[in-house]
Number of protein chains: 4
Amino acid sequence: MDYQALVDDIVGDVHAYRGSGKVASYIPALAEADAHSFGLAIALADGSTYVAGEGDETFTIQSISYVFSLALALHHVKSALWNHVGREPAGSPVNSIIQLEIEKGKPRNPLTSSGALVVCDQLIGRRGREEACSELLQFLRERAGAGEIGIDETIAMSESRAGAFNRSLAHFIAAFGNLKNPPEEVLSLYYRQCSVAMSCRQLAQAALFLAFDGHDPVKGDVVCTPSRARRINALMLTSGHYDNSGDFAFRVGLPGKSAVSGAILAIVPRTGVVCVWSPGLNDAGTSLVGAVALERLVERTGWSIFV
Amino acid sequence: MDYQALVDDIVGDVHAYRGSGKVASYIPALAEADAHSFGLAIALADGSTYVAGEGDETFTIQSISYVFSLALALHHVKSALWNHVGREPAGSPVNSIIQLEIEKGKPRNPLTSSGALVVCDQLIGRRGREEACSELLQFLRERAGAGEIGIDETIAMSESRAGAFNRSLAHFIAAFGNLKNPPEEVLSLYYRQCSVAMSCRQLAQAALFLAFDGHDPVKGDVVCTPSRARRINALMLTSGHYDNSGDFAFRVGLPGKSAVSGAILAIVPRTGVVCVWSPGLNDAGTSLVGAVALERLVERTGWSIFV
Amino acid sequence: MDYQALVDDIVGDVHAYRGSGKVASYIPALAEADAHSFGLAIALADGSTYVAGEGDETFTIQSISYVFSLALALHHVKSALWNHVGREPAGSPVNSIIQLEIEKGKPRNPLTSSGALVVCDQLIGRRGREEACSELLQFLRERAGAGEIGIDETIAMSESRAGAFNRSLAHFIAAFGNLKNPPEEVLSLYYRQCSVAMSCRQLAQAALFLAFDGHDPVKGDVVCTPSRARRINALMLTSGHYDNSGDFAFRVGLPGKSAVSGAILAIVPRTGVVCVWSPGLNDAGTSLVGAVALERLVERTGWSIFV
Amino acid sequence: MDYQALVDDIVGDVHAYRGSGKVASYIPALAEADAHSFGLAIALADGSTYVAGEGDETFTIQSISYVFSLALALHHVKSALWNHVGREPAGSPVNSIIQLEIEKGKPRNPLTSSGALVVCDQLIGRRGREEACSELLQFLRERAGAGEIGIDETIAMSESRAGAFNRSLAHFIAAFGNLKNPPEEVLSLYYRQCSVAMSCRQLAQAALFLAFDGHDPVKGDVVCTPSRARRINALMLTSGHYDNSGDFAFRVGLPGKSAVSGAILAIVPRTGVVCVWSPGLNDAGTSLVGAVALERLVERTGWSIFV
């Protein structure tokens, strides 16, 4: 397959959609994003990457970070993690706390905000907030392989100040005894992981191990066991896109994770990783143009895991 | 691969688990099932089937019927179905009505009880309850290909009498104007589809079109478009097992549907279909031994869609 | 006090409001009511009644019936009733089922639809639906003292046919094992008690025992113990007006019960009973003009129990 | 009536119950309370007070403070308060956040924790946290008339540290834009008002204006309008005792407010005010012995507002 032609064709496919959707506006730094931006990158097993549009532009990775902190937490605390967070789909909007009350402070899965807070708490538990944060950054840099990766501290502070709902979640979980560390410590790590700035190309490279059973075919190292990689993919499939995970599976059919900055990471088992970015969001918080791009990509390649 | 050896090995794998779990007891006919029963069947593209244990024993297919009535409803009303039922995971226990109130009588997906009621209503809408029921039976017989398939009317009546919760769901949906037909008509079709008696072998054969992009490689006919087959698989992956769909994806990694009679149907895209049956259920209503069997099967074959 | 002048003045007070609010339209018989209708009656200890406007017009008493069936049920099963229904305010809209799920089929109080269904079930439990219905009619006739009182069977059937939500409630309660009789039996009694036709004057006379510690000062008989009368009043105060009971207590300050037909019964301890009727409802289902009338009445008389 | 004999008799009435119930233990200072403690005070219009048991012992007034800050907030912002908080019963346990989500951050009434936070926010809004706190203290001192009244700052800090759930509520309300001030400012005032130390005698005297239509018959001043006093009483009747307000109205029949320290304030319109204190709580958080004492008091005096 001519991959460069493929990614270029996708840019054409989404042309009419550019500018659609609604850019997240809860903090100024996100609100300034241009809804017409669109980037795309594919990373393959042989180390090649194919980039189109603004695929080398950086953005904050927001909740895509949950996937990487989950991998680290599973490495450190292993299946003990499941005492603190479940692995079922949330079945409710991203801004709902109801289920968390009914289930007594145990988040439904690690790819929701509340679940990510619990994962952060577990990461801190082992080594303190600063070291946990450094470790996560180090992990992302190693996996992405090239280029600078850092935290946009201005955005981190801005998010934290605006984060009344997440702050409420953290204290609510704490009220049920499901946080070991003070909520503000957990929130600090949480907002910093969300504010890591990366490009489509970097994210696609960083997640390659998930497409190859835990083994990174480019660097040659083993990041996790095959079963753990499959399980992270399963979680992304059932819960990676807020309350439109079912719709995403229905339309695209790949394990993935959406972020409020407009990025979507998608895993193609045994083939590679795709990352798209376009800041206009649909009603459920997933990139509108990004999802269309992935839909077209799967139509053109037949990469759905459901066939 | 020596498939007969494979299915026989699985019987060995689950030996220690037989009798585990809790047999459904809300009606006598189900309560009489023996928790030690275990059947397994694999149907492949070349028409071969491999059966072990009690894989030719019949049981009522219960909510596995939802998959087939969904395929029929999509055939008849196409995407208009999604005006009446969503495609997101439920995120709540099988016996919860809360989400249905919050979302004003629109079930979250067609693989829940409330969603299946809406699907039945759509099937009736076109042709009346009796004809809808005949059409479904005819569809199952054609797809399964061999052997008698009928409705266990005693169980249907017994289920209906015991079905206070489902009756409540039907009237609740009707109160929101989301049923076209009288609730008792809808419930009648619903309980009759749940009471169709089939074996593992029959179910595996009947679902082959879902593993091959809508085309039945044995009969040679096209049952639905590729995209519809993929979408039904996606729904099974995200929502096929009550409130343990996430866990099933996590452990097994195949699109599937559980039934309260202890059967589990699992689709292996491009390979075939597996059906297991063992009446002892886990806390969420999925066959305990059946899920273990599928976990072992995927370990032995690498059939997970997440790798 | 010149009571006839008082009731006539109230008619003047509400003049500008007549026609406000929204007439219930879920069945034709209610939808035909004229929002400009307004009736008022006061019954006092000496047997005198003061009537203004259409205070002798009859209407179906709807959920005001709950007060009388509650008194009968407490007479028959005494405090055992509280095993089946609570006595706390509902805290949710009249058409919500959420609390009933959270509290496992035990309605919050006997003055909600679900609670009234449980009360009806208890009444049937002793004597069968027909006899329970006759007893309730007999009780209302004895208490009202004069004039014909009967069931509008056409409305009862019409309500029953339209009653998808209440039917759902009944089956939901049954699913938790909190009904002894078949839901349709319970619903039949329920809809017939709601369809009893009475006038403001009749209702005011019928409830006199609640204003005088269980003793009817006109007929001279004892209907219930003082503590039971006080408790029924307490339930009306906290739960008598759907999800605007707090607002009614805040504005009017009398124990009362609203009905969807536009009637409101209000108890003035040690003084008498007031009944108003006007079919236009506020958003929560209480008569808009009726509540204004009672507000003015309390301003003119100082009858609030909170001073 | 010989009031001193009355209060002494009540001490005898509750003798067998002393030590029952469960002392609040979420902070050490409360956990140390002796469940056998019991105090009682009655304040009358002529300025006389009758005290029994430990009626002059001080305790933190906890959520009884809500009544006084509500009176102050209504004085300052008048009916604009009702844009920020409702006046319907909560209908859910004290530690539930579900309703707050369904109703988009508007607490159901000012006598719940979430409602009290909104009231505190309104009080701060006018004058800053420090001045709002001083004003409340000044108000309590004026009304109680004699003796020292101060804040137990150790308890305030201890409560604040333990207050994960209330902190979660404050941030949750803020997320809906229903707080003007930073949540930590609001929480600070909230915890300080809860930590005011007063005795039964002081509380009974402080609330006299509520029994006499807003006019304090002892000091001779007008605290609020008659209608406002009646409305505060109405709110106490429908919502003053967490999720057992209905039960309290049913058993006692007086407007009241319970506190987690074991105090209960009860208003007897046109007669006076009663305050009881005993730290052992029932399952819903109301003083077990205190409620029994009030039940006996009403039986002995006939003071129920429902007769």
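Values reported hereafter were calculated over all heavy atoms of this structure, with side chains retained and with hydrogens, waters and symmetry mates removed. Order of the sequence lines fixes the chain letters, A, B, ..., with proteins taken first and strands second; residue numbering starts at 1 for each chain.
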Notebook entry, point to check: Of the backbone (N, CA, C, O) and the side chain (C-beta and beyond), which part of B:Leu100 lies under 4.5 Å from a heavy atom of chain C, both, or neither?
Noted result: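 Contact with chain C is absent: no heavy atom of B:Leu100 under 4.5 Å.
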Specify the closest pair of heavy atoms between [X] and [Y], including all atoms of both residues, with the distance to one decimal.
X	Y	answer
B:Ala170	B:Leu179	O-CD1, 3.5 Å
B:Val23	B:Ala35	CG2-CB, 3.8 Å
C:Val85	C:Pro110	CG2-N, 3.6 Å

Margin query: side-chain contact (heavy atoms from CB on, under 4.5 Å) for C:Ile264 and C:Val252? Distances and angles first, verdict last.
Written below: CA-CA 12 Å; C:Ile264 311 177; C:Val252 174; over 6 Å; no
Please tabulate, one pair per line, the N or O donor-acceptor pairs under 3.5 Å between chain B and chain C.
| unit_1 | atom_1 | unit_2 | atom_2 | d |
| --- | --- | --- | --- | --- |
| B:Ser96 | OG | C:Glu101 | OE1 | 3.3 |
| B:Ser96 | OG | C:Glu101 | OE2 | 2.6 |
| B:Ile97 | N | C:Glu101 | OE1 | 2.5 |
| B:Ile98 | N | C:Glu101 | OE1 | 3.3 |
| B:Glu101 | OE1 | C:Ser96 | OG | 3.3 |
| B:Glu101 | OE1 | C:Ile97 | N | 2.5 |
| B:Glu101 | OE1 | C:Ile98 | N | 3.3 |
| B:Glu101 | OE2 | C:Ser96 | OG | 2.6 |
| B:Ser168 | O | C:Ser168 | OG | 3.0 |
| B:Ser168 | OG | C:Ser168 | O | 3.0 |
| B:Ser168 | OG | C:Ser168 | OG | 3.4 |

Notebook entry, point to check: Rounded to the nearest 0.5 Å, how far apart are CZ of C:Phe68 and CD1 of C:Ile232?
Noted result: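 Rounded to the nearest 0.5 Å, the CZ-CD1 separation comes out at 9.5 Å.
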Next item on the list: Assess whether side-chain contact (heavy atoms from CB on, under 4.5 Å) is satisfied between C:Ile173 and C:Val186, documenting all intermediate values.
Entry: CA-CA 11 Å; C:Ile173 297 167; C:Val186 174; over 6 Å; no
